[in-house]
Number of protein chains: 2
Amino acid sequence: MNIQSRSQKSPRTDEEVIRSCGLFRGLDDTQRAVLTSMAVRKRFKQGTPIFVQEEACPGLFVVDHGLVRVFRLAPNGQQHVLHLCGPGQTFAEVAAIGGFALPACADAAQPAGCVMIPTDRLQQELALNHQLCRQLLTGMAFWVRHFVQLLEDIALRDAMGRVTRLLYDSPCDASGRIQLPGAKKDLANHLNLTSETFSRVLRRLAEQGVIEFDQDRSVHVIDAQQLEQLSGQSQNTDQ
Amino acid sequence: MNIQSRSQKSPRTDEEVIRSCGLFRGLDDTQRAVLTSMAVRKRFKQGTPIFVQEEACPGLFVVDHGLVRVFRLAPNGQQHVLHLCGPGQTFAEVAAIGGFALPACADAAQPAGCVMIPTDRLQQELALNHQLCRQLLTGMAFWVRHFVQLLEDIALRDAMGRVTRLLYDSPCDASGRIQLPGAKKDLANHLNLTSETFSRVLRRLAEQGVIEFDQDRSVHVIDAQQLEQLSGQSQNTDQ
DNA sequence: CGCCGGATTGATCCGGATCAAGTCATGTGG
DNA sequence: CCACATGACTTGATCCGGATCAATCCGGCG
């Protein structure tokens, strides 16, 4: 369980935000500086839409603080949460880099601040800058791998497996306390579960003494070993 | 999810194979020539493993003919078919480009011939060739979008929806005949269904007069319109 | 021929969705 | 300050889609 590294200090410089982000981890100082120079600040109040799918992509977003919900809207109104992006995560990267329309919608699940790199300037730079291309290519490859992972999770894990994996992968402080990002219903949806099921699974874990609830939205991990075990396998071994 | 792409013309030149492939569609002649020059031919008998996950990636594969099954193996032995790659499709691209270990296994579902671009030579070239990087970056972005699509399919469609979508997206000849690539059990698994369910869904479609079975593995689409309708929505409308 | 693996079909089971209350915690307006 | 509305969350009862188990069929192929 990752010990959380980044502090939630709100006012960071654009450069700090860009450095903190996974997709850009491969970049050297020069390339980061290039991106920083074209960055634009954006703020969103809770609940405001950031963009809707099928639109042209305004740019590549990096979350500074808050929480952004990226979700896909089906013709019949159903939605599936693709990501919940916290500080240091990017969204709309793919459309911005590939230069096509947005494949998903986004809104602010909590008040959020982002750094945006406008599509046109990014494209311009990519046309000129070999190193940037190369390093982003690697970042992108990791991104694909992440999706394969996600796909696998949803395809061959049951509810218990998905929840424990979420907990296991979530950052926690030194005392093993995890702050759940976002509303439970959004987390549940991201795991392709209903909030009811999510609730029940957490209760089962609590009954088995693996976790404890604190107030608000934080979870205390009691038996990290069992949690790992549960998250490791894909189908029920249960109780 | 265009599984099968075109005629099974077996003896194509390396250049033709590379040109036929989606990931490289963005490349201009120059870049294609570069890739062609480093290509290596590979053949696999049905059932032979091509590689296993966690190994170092030997290269980027493009299928010339036959069918390759790319699947992820869970610790407990379960497997999930990520792709069935027919002619013109690539696999192991991500690991070859990103330079990390293989995230999945592959074997030949049918006797298959591939063109392989060795990892080291590809990496070498990427380090030098700006245009190649740039064009691959775009190709990669499309690839991610494809996965998002796949994820959505599995997350919010029922069995009927997934099967009809598979049929709807599959290439057919002028008379509306679709040649199913690969064994039904593999197709079913790719859709995250059992072969039993797959079978039943096809029968229901036949009973409703939407499709007809021919011999062997081909399906005749009778009512393309209804097929489109069914594949368009995500959850059951029907009786 | 007999064997074997894929495909079909039927019977049954189960995980998780759905439906329906009920509980809090937070507004909001009188 | 209270009455009331709202929305996230919990909990229980029920339902259903698809998995699982099992029997059979079928088409190669030794």
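Chain letters run A, B, ... following the sequence lines, proteins first, then strands; residues in each count from 1.
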Trainee: Among D:dA19, C:dT8, C:dT18, find the nucleotide with the atom closest to the side chain of B:L193.
Mentor: D:dA19

Trainee: Is the charged tip of B:R145 near the ring of A:F100: under 6.0 Å from the six-membered ring centre and within 45° of its axis?
Mentor: yes

Trainee: Which distance, rounded to the nearest 0.5 Å, do you find between the OG of B:S195 and the NZ of B:K184?
Mentor: 10.0 Å

Trainee: Kindly indicate, with the supporting measurements, whether the criterion salt bridge (charged side-chain N to carboxylate O under 4.0 Å, His left out) is fulfilled by A:R165 and A:D169.
Mentor: CA-CA 6 Å; A:R165 186 158 147 69; A:D169 288 346; 3.2 Å; yes

Trainee: Mind checking if B:R200 touches a base, just sugar-phosphate, or nothing, with heavy atoms under 4.0 Å?
Mentor: base

Trainee: Can you say whether a donor on the side chain of A:R204 sits under 3.5 Å from an acceptor on the base of D:dT10, or the other way round?
Mentor: no

Trainee: When the distance from CD of A:E207 to P of D:dT11 is rounded to whole Å, what number comes out?
Mentor: 9 Å

Trainee: Under the ring-ring contact (aromatic ring centres under 6.0 Å, His included) test, which residues partner A:H146, sequence neighbours left out?
Mentor: A:W143

Trainee: Once you round it to whole Å, what is the distance between P of D:dG18 and CD1 of A:I154?
Mentor: 16 Å

Trainee: Give the nucleotide from the list D:dT20, C:dG16, C:dA7 with an atom nearest to the side chain of A:D158.
Mentor: C:dG16

Trainee: For D:dA19, take OP1 and OP2 only and decide whether either is under 4.0 Å from a side-chain N or O of B:T194.
Mentor: yes

Trainee: Can you figure out which of C:dA20, D:dA19, C:dA7 approaches the side chain of B:A183 most closely?
Mentor: C:dA7

Trainee: Identify which nucleotide among C:dA17, D:dC9, C:dT8 has an atom closest to any side-chain atom of B:K184, counting heavy atoms from C-beta outward.
Mentor: C:dT8

Trainee: Would you check, one step at a time, whether the test side chain to side chain donor-acceptor pair (under 3.5 Å) holds for A:R177 with A:H220?
Mentor: CA-CA 4 Å; A:R177 190 163 288 117; A:H220 194 85; 3.2 Å; yes

Trainee: Take the protein atom CD of B:E196 and the nucleotide atom P of C:dC13, then report the distance between them rounded to whole Å.
Mentor: 17 Å

Trainee: For B:F147, look at atom CZ and say whether over 12 heavy atoms of other residues, nucleotides or ligands are found less than 6.0 Å away.
Mentor: yes

Trainee: Measure the distance from CG on B:L191 to P on D:dG18 and round it to the nearest whole Å.
Mentor: 12 Å

Trainee: Taking only side-chain nitrogens and oxygens of A:S199, does any of them come within less than 4.0 Å of OP1 or OP2 of D:dT10?
Mentor: yes

Trainee: Using a cut-off of 4.0 Å on non-hydrogen atoms, how would the nucleic acid contact of A:N192 be classed: base, sugar-phosphate, or nothing?
Mentor: sugar-phosphate

Trainee: According to the interplanar angle, ranging from 0 to 90°, do the rings of A:F61 and A:F51 count as parallel (below 30°), tilted (30 to 60°) or perpendicular (above 60°)?
Mentor: tilted

Trainee: Rounded to whole angstrom units, what separation is found between the CZ atom of A:F198 and the C1' atom of C:dT18?
Mentor: 19 Å

Trainee: Taking N or O atoms only and anything under 3.5 Å, show me the protein contacts with nucleotides 21-28 of chain C, one pair per line.
Mentor:
none

Trainee: From CG of B:L202 over to C1' of C:dA7, roughly how many Å is that when rounded to an integer?
Mentor: 11 Å

Trainee: Mind checking what makes side-chain hydrogen bond (donor to acceptor under 3.5 Å, both in side chains) contact with A:E207, not counting sequence neighbours?
Mentor: A:R203

Trainee: Counting heavy atoms from C-beta on, name the nucleotide in D:dA19, D:dT11, D:dG18 closest to the side chain of B:A159.
Mentor: D:dG18

Trainee: Within this structure, what is the NZ-to-P distance between A:K185 and D:dC9, rounded to whole angstrom?
Mentor: 8 Å

Trainee: Using a cut-off of strictly less than 4.0 Å, decide whether A:R203 has a side-chain nitrogen or oxygen near OP1 or OP2 of D:dG12.
Mentor: yes

Trainee: What is the distance from CZ of B:F213 to C1' of D:dG27, rounded to the nearest Å?
Mentor: 17 Å

